[in-house]
Protein chains: 2
Amino acid sequence: MSAIRTARERARAELTREIKEEARRALAASGAHDLSLRAVARALGMASSAVYRYFPSRDELLTALIIDAYDALGHDVETADGAAPPGDFRARWRAACGAVRDWARRTPHEYALVYGSPVPGYQAPEATIGSAARVPVVLLRIAGAAHAAGELTVPAAARPPGDRLVGQARRVAERLTDVGTLGLPYDAIVRIATVWTQLFGLIGFELFGHLANTFDPADELFAYSVEQMADAVGLP
Amino acid sequence: MSAIRTARERARAELTREIKEEARRALAASGAHDLSLRAVARALGMASSAVYRYFPSRDELLTALIIDAYDALGHDVETADGAAPPGDFRARWRAACGAVRDWARRTPHEYALVYGSPVPGYQAPEATIGSAARVPVVLLRIAGAAHAAGELTVPAAARPPGDRLVGQARRVAERLTDVGTLGLPYDAIVRIATVWTQLFGLIGFELFGHLANTFDPADELFAYSVEQMADAVGLP
DNA sequence: TCCATTTCGAGAGCAGTGCTCTCACTTAAG
DNA sequence: CTTAAGTGAGAGCACTGCTCTCGAAATGGA
């Protein structure tokens, strides 16, 4: 985050923002598939070739939108968690999960962009992982707080996690010790991983129409799942 | 399924199959985004306009591939279930879930086509629902068989499903009474719905790179999840 | 057997796309 | 003040989905 000095840099930052803004509008209107660089340029009254001064390719533009989407979702979830009573861990859990669903339903095309099929040929740019981790970090933080309060009782698994799985969980914990997961038992981390996939699996199914004609208004199924997930993690 | 009479009809069926075959090849090579009708036509040595005699649009071609993908996956899962000892319900569960993952890893682009972001504006064509239901039907059938054998003990939920959720589950059961779900309690159906979303959530995360650098070889996390899911449904 | 009807393939063409290149112009830095 | 870098516009390339027209071929009834 360097300060903006020259007028040229200021103009560049401004235009970069405007391009992303217009692209996000087009994305919300008709999805990533129909997002056209030329249309964005047209809406901004500039030549299509000029946009390439700011984003080297269409995929780079989409990647920028992906990072922004991760951050927007992360912000919503963190805010929802923060607004719940700190000691009511289940309320925090409900708030966080509900925030994910709300964001997804509010901006379905952005959700599809981020959690749907990877757009080009699958890219995992390093720049995204920090933003992408914000949601699971919130889930881990809630469980960590419950654990610190001595109120986390992970239900016994029929079969305990294997050595490699525990190792993976430990590495996750080591990477995130600064976000409130201190001392979180490994099986709790594994459980959070599984319910994390469940959360996005359900939301994805709802958004992409896989629940049509069965659990169509998915509100109750979602609420039920959230409780089941909280139980699986061991929240009181 | 009407019998093929004339040579013209035979040729038409043959070419339709060849187009789909070539399209599937292109899909596997570079994904739905890069699938080009013209390239398919070129590979088949025909004019691009001729393909439109067989598929009215690119999206219609993709829809045909979607139905085929659902059926291929359904077939694999049904076969895997059938190959397991009928009375070992957990083994059948493992086999079915594993078959889904195996198919997804074997044909990731087809998985993305079906369970990733809906491609254009997505219309959920009626023709797909029958094929799409095959996987959940297998899961329901396994639970139904366990229930019939008196070995299904759905764990008590912290909060029972609400009225509307039970109603949705009942309608699902009514629509599927002919596939072995007879007498399956509604809370079991709801549980299967939630673990169904969990199964595809996990596989989607694995395929789309959301587990990179954390649970990267996802084999153990998957195995653990499958057991957790079986527990949640109440399988012995 | 002949003939009208339909089916089909091919080619041209339209509007659109991502992206590259060149050329003038403006801004910033030495 | 001069040189270098940054910027915008336009033309152009290769490609896309899709439509239309036009001959050729297969089909089915008389």
Side-chain angles (χ1 to χ4, degrees), chain A residues 2-20 22-23 25-27 29-66 109 113 118-123, chain B residues 2-20 22-23 25-27 29-66 109 113 118-123:
Chain A
S2 59
I4 292 168
R5 345 189 120 270
T6 74
R8 181 174 266 173
E9 281 179 25
R10 179 187 298 269
R12 180 174 187 85
E14 177 74 13
L15 240 178
T16 305
R17 205 179 48 78
E18 278 185 35
I19 291 172
K20 281 203 291 185
E22 182 57 41
R25 217 186 326 266
L27 182 71
S30 32
H33 177 80
D34 293 340
L35 188 140
S36 149
L37 221 85
R38 289 178 115 110
V40 170
R42 222 176 294 128
L44 263 51
M46 64 199 300
S48 65
S49 57
V51 179
Y52 284 85
R53 299 284 183 195
Y54 298 84
F55 296 94
S57 75
R58 199 192 92 118
D59 286 353
E60 292 279 339
L61 213 195
L62 283 176
T63 299
L65 293 185
I66 287 176
H109 284 115
L113 179 67
V119 192
Y122 171 67
Q123 87 297 5
Chain B
S2 58
I4 293 169
R5 345 189 121 271
T6 75
R8 181 174 267 171
E9 282 178 24
R10 178 186 300 269
R12 179 173 187 84
E14 178 74 12
L15 242 179
T16 305
R17 207 179 47 78
E18 278 184 35
I19 291 173
K20 281 203 291 183
E22 182 57 41
R25 220 188 323 270
L27 182 70
S30 31
H33 177 80
D34 293 340
L35 188 140
S36 150
L37 221 85
R38 288 177 115 111
V40 170
R42 222 176 295 129
L44 263 51
M46 64 199 301
S48 65
S49 57
V51 179
Y52 285 85
R53 299 280 185 199
Y54 299 85
F55 296 94
S57 76
R58 198 191 92 117
D59 287 352
E60 292 279 341
L61 214 196
L62 283 176
T63 299
L65 294 185
I66 287 175
H109 284 116
L113 179 68
V119 194
Y122 192 55
Q123 70 286 3

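Every chain is numbered from 1, with letters handed out A, B, ... down the list of sequences.
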Undergrad: Which of the following nucleotides, C:dG9, D:dT7, D:dT19, is nearest to the side chain of B:R53?
TA: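 The answer is C:dG9.
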
Undergrad: C:dT20, D:dT16, D:dA5: which one has an atom nearest the side-chain heavy atoms of A:Y52?
TA: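 The closest nucleotide is C:dT20.
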
Undergrad: Please determine, for the side chain of B:R58, which listed nucleotide (D:dG6, D:dC18, C:dG18) has the closest atom?
TA: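 Closest nucleotide among those given: D:dC18.
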
Undergrad: For C:dG9, take OP1 and OP2 only and decide whether either is under 4.0 Å from a side-chain N or O of B:Y54.
TA: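 True: B:Y54 side-chain N/O within range (under 4.0 Å) of C:dG9 OP1/OP2.
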
Undergrad: Of the nucleotides D:dA9, C:dC19, D:dC18, which one has an atom closest to the side chain of A:S57?
TA: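 Of D:dA9, C:dC19, D:dC18, C:dC19 is nearest to the side chain of A:S57.
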
Undergrad: For the side chain of A:R38, counting heavy atoms from C-beta on, which of C:dC19, D:dA9, D:dT7 is nearest?
TA: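 The answer is C:dC19, which lies nearest to the side chain.
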
Undergrad: Do B:L15 and B:M46 have side chains that approach each other closer than 4.5 Å (heavy atoms only, starting at C-beta)?
TA: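 SC-SC contact between B:L15 and B:M46 confirmed.
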
Undergrad: Looking for any heavy atom pair under 4.0 Å, which part of the strands does B:L61 touch: base, sugar-phosphate only, or nothing?
TA: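 Nothing, no heavy atom under 4.0 Å.
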
Undergrad: Could you check if a side-chain atom of A:L65 sits within less than 4.5 angstrom of a side-chain atom of A:L35, using non-hydrogen atoms only?
TA: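 Yes, at least one pair of side-chain atoms sits under 4.5 Å.
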
Undergrad: Could you grab the distance from atom CZ of B:R25 to atom OG of B:S30, nearest 0.5 Å is fine?
TA: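 Reported value, rounded in 0.5 Å steps: 12.5 Å.
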
Undergrad: Can you figure out which of C:dC19, D:dG8, C:dG18 approaches the side chain of A:S36 most closely?
TA: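 Closest nucleotide among those given: C:dG18.
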
Undergrad: In whole angstroms, how far is the P atom of C:dA10 from the CG atom of B:L37?
TA: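 Result: 14 Å.
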
Undergrad: Starting at NE2 of A:H109, measure out to CG of A:L27 and round the result to the nearest 0.5 Å.
TA: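 Interatomic distance, A:H109 NE2 to A:L27 CG, rounded to 0.5 Å: 7.0 Å.
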
Undergrad: Taking for each residue the nucleotide of DNA chain C with the nearest heavy atom, is it B:R12 or A:S49 whose nucleotide lies nearer the 5' end?
TA: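 Final value for this comparison: B:R12.
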
Undergrad: Tell me whether the side-chain N or O atoms of A:R8 pair up with the base of C:dT26 as donor and acceptor below 3.5 Å, since no angle test is needed here.
TA: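 Side chain to base: pair present.
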
Undergrad: What nucleotide, of C:dG9, C:dC19, C:dA28, holds the atom closest to the side chain of B:L15?
TA: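 Minimum distance to the B:L15 side chain belongs to C:dG9.
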
Undergrad: If only side-chain N and O atoms of A:R42 are considered, is one of them under 4.0 Å from the OP1 or OP2 phosphate oxygen of C:dT17?
TA: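 The answer is yes; a side-chain N or O of A:R42 sits under 4.0 Å from OP1 or OP2.
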
